[in-house]
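Reviewing the structure listed below.
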Amino acid sequence: GYFTVRSPEGFNDGAWHHAEVIARALGVSADAVDEAFRAMLRARLAPYDRDYVVDRARYRDREAMVRAADERTGDAGVQADAAMALLLGGDGPGAARRAEAAIRLEGAQPLARWVRATLAIEARDGRAALSELDALREGGRDGYAVRMLEARAARLARDDGRALSALTEATRRDPTQVDAWRALAALHGRAHREAERVAALRVVVRLDQHDREGLSELLAALLESRSWAEIRALAEHAVSLDPERLSVHLALGQAAQETGDRESAIAAYESALALDPPNAAEVRARIEAVRRGERGLPLLRAPAAPRAG
């Protein structure tokens, strides 16, 4: 019942080091592997080096930054630091005064422009926020966070064209950030651009595999377009993520029925019945239709939840 494992020739606790293991396994030195990894990482992170990002953690010591601004009234950067610290501390008027002081000293001061844009958004003045962000970008500062702030300002200004441009640029600058894709899907939905909305939702579901609402929206859209194969490809993920959502089981049941998988269709419909749905009679009728081999039936949707009150 026992077996013997033979160590490689020359192996002992002190003889083989990690570097030698790598060299023997890969045929290159550990230093070469390390340098190749660092080069790959530098290439992947290079786009972020050019992004303008406000590191909020830098501005936690509000008292120290305000004190420094009082002592160095001619330093635009110090005034902007105090403005940001005051903004994060909830002192909007104080932040506005310090940001104004910074801009008087240096018109393109980026942090001061960021503070003023944020204050304008809090005041729901989208046009003013866009003006500040324009000045920020004209000063050579741009990036994912800038574009996301621009999209918020554009929505307040009711400028959906600019919001679309900002969100599209945000996804180009950092395609791994799910918030931009969610906002893009919502914007396309409001404009009734269904193909674009579905494309954005696909990315949302891929990037955030725990987003139940995003997956539900995608399944509903795929149901409307009768995209049976794609619905079935999402089946395991959908059931494991959101097993108590009626619309999930109904979509999976119809996809299985329309692709000729009677067993899976009945199983999905029975899972729907287990949730005690208000349209239980329709679901039972679908099970009978599956047993008769029927296809091409009207879409079966989950009833809308009643509104509270």
Side-chain angles (χ1 to χ4, degrees), residues 148 167-168 170-171 174-308:
M148 290 298 287
L167 289 170
T168 301
T171 61
D174 192 346
T176 69
Q177 295 291 332
V178 72
D179 287 343
W181 291 104
R182 283 196 187 104
L184 196 56
L187 185 60
H188 285 311
R190 287 190 293 270
H192 307 291
R193 293 185 292 264
E194 188 62 9
E196 290 85 350
R197 183 178 81 96
V198 171
L201 284 172
R202 287 187 180 109
V203 181
V204 169
V205 169
R206 177 171 56 81
L207 291 176
D208 184 356
Q209 297 185 10
H210 299 283
D211 186 345
R212 294 187 297 175
E213 295 306 320
L215 180 57
S216 177
E217 281 190 55
L218 178 58
L219 282 174
L222 295 175
L223 180 65
E224 294 300 319
S225 62
R226 298 176 180 265
S227 302
W228 307 126
E230 189 171 356
I231 292 174
R232 298 207 68 186
L234 291 167
E236 184 176 349
H237 178 204
V239 171
S240 63
L241 180 64
D242 211 357
E244 295 187 5
R245 192 184 292 262
L246 176 62
S247 60
V248 167
H249 299 291
L250 294 181
L252 298 182
Q254 290 170 89
Q257 181 176 2
E258 295 299 333
T259 53
D261 186 346
R262 297 187 185 188
E263 183 178 347
S264 295
I266 291 173
Y269 288 138
E270 287 179 342
S271 294
L273 286 174
L275 298 175
D276 193 20
N279 61 342
E282 293 178 86
V283 178
R284 292 190 186 95
R286 283 301 169 102
I287 292 175
E288 294 307 314
V290 171
R291 289 176 173 145
R292 293 191 298 268
E294 295 180 17
R295 298 194 201 180
L297 299 177
L299 295 178
L300 177 59
R301 303 175 183 88
R307 293 186 178 183

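- In this structure the side chain of Gln209 never reaches within 4.5 angstrom of the side chain of Leu241, judged on heavy atoms.
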Worked check of side chain to side chain contact (heavy atoms under 4.5 Å, CB included) between Arg202 and Glu230: CA-CA 11 Å; Arg202 287 187 180 109; Glu230 189 171 356; 2.6 Å; yes
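- The nearest pair of heavy atoms linking Ala170 to Ala180 is CB-CB, 4.2 Å.
- Every residue two or more places apart in sequence or in another chain was checked for a side-chain hydrogen bond (donor to acceptor under 3.5 Å, both in side chains) with Arg206, and none qualifies.
- No more than 12 heavy atoms of other residues, nucleotides or ligands lie within 6.0 Å of CZ in Arg212, so this atom counts as exposed by the packing criterion.
- The list of salt bridge (Lys or Arg N to Asp or Glu O under 4.0 Å) pairs with a residue in residues 175-185, not counting sequence neighbours, reads Asp179-Arg182, Arg182-Asp208, Arg182-Asp211.
- Not a single donor-acceptor pair under 3.5 Å links the side chain of Gln254 to the backbone N or O of Leu299.
- Residues Thr176 and Asp174 approach most closely at OG1-OD1, 2.6 Å, considering heavy atoms.
- Note that NE2 of His210 and CG of Leu215 are 12.0 Å apart. Values are rounded to the nearest 0.5 Å.
- Checked against side-chain contact (heavy atoms from CB on, under 4.5 Å), Ala183 has the following partners two or more places apart in sequence or in another chain: Leu167.
- Using a 4.5 Å cut-off on side-chain heavy atoms (C-beta onward), Leu234 and Leu222 make contact.
- Screening Arg193, Glu194, Glu196 for a side-chain hydrogen bond (donor to acceptor under 3.5 Å, both in side chains) with His188, the sole residue that qualifies is Arg193.
- Looking at Ser216 and Ser247, their side chains come closer than 4.5 Å, going by heavy atoms from C-beta outward.
- For Ala280 against Leu273, the heavy-atom pair with the smallest separation is O-CD2, 3.7 Å.
- Heavy atoms only, all atoms of each residue included: Ala238 and Val248 are closest at CB-CG1, 3.8 Å.
- With sequence neighbours excluded, the residues satisfying side-chain contact (heavy atoms from CB on, under 4.5 Å) with Ala255 are Trp228, Ile231, Arg232.
- Taking the side-chain hydrogen bond (donor to acceptor under 3.5 Å, both in side chains) definition, one finds that Glu217 meets it with Arg197, sequence neighbours left out.
- With sequence neighbours excluded, the residues satisfying salt bridge (charged side-chain N to carboxylate O under 4.0 Å, His left out) with Arg291 are Glu288.
- Closest of all the heavy-atom pairs between Leu184 and Thr168 is CD1-OG1, 4.2 Å.
- For Ser227, the side-chain hydrogen bond (donor to acceptor under 3.5 Å, both in side chains) criterion is met by Ser225, not counting sequence neighbours.
- Here the closest heavy-atom approach between residue Pro298 and residue Arg226 is recorded as CA-NH2, 4.1 Å.
- Rounding to the nearest 0.5 Å places CD of Glu236 at 11.0 Å from CG of Leu252.
- Going from atom CZ of Arg295 over to atom OG1 of Thr259 covers 7.0 Å, rounded to the nearest 0.5 Å.
- The side-chain contact (heavy atoms from CB on, under 4.5 Å) check on Ala272 picks up Leu246, His249, Leu250, Val283, with sequence neighbours excluded.
- In this structure, the side-chain contact (heavy atoms from CB on, under 4.5 Å) partners of Arg262, at least two apart in sequence or on a different chain, are Val290.
- Scanning for side-chain hydrogen bond (donor to acceptor under 3.5 Å, both in side chains) contacts around Arg301 gives Glu224, with sequence neighbours left out.
- The side chain to side chain donor-acceptor pair (under 3.5 Å) analysis of residues 267-282, with sequence neighbours excluded, yields the pairs Gln257-Tyr269.
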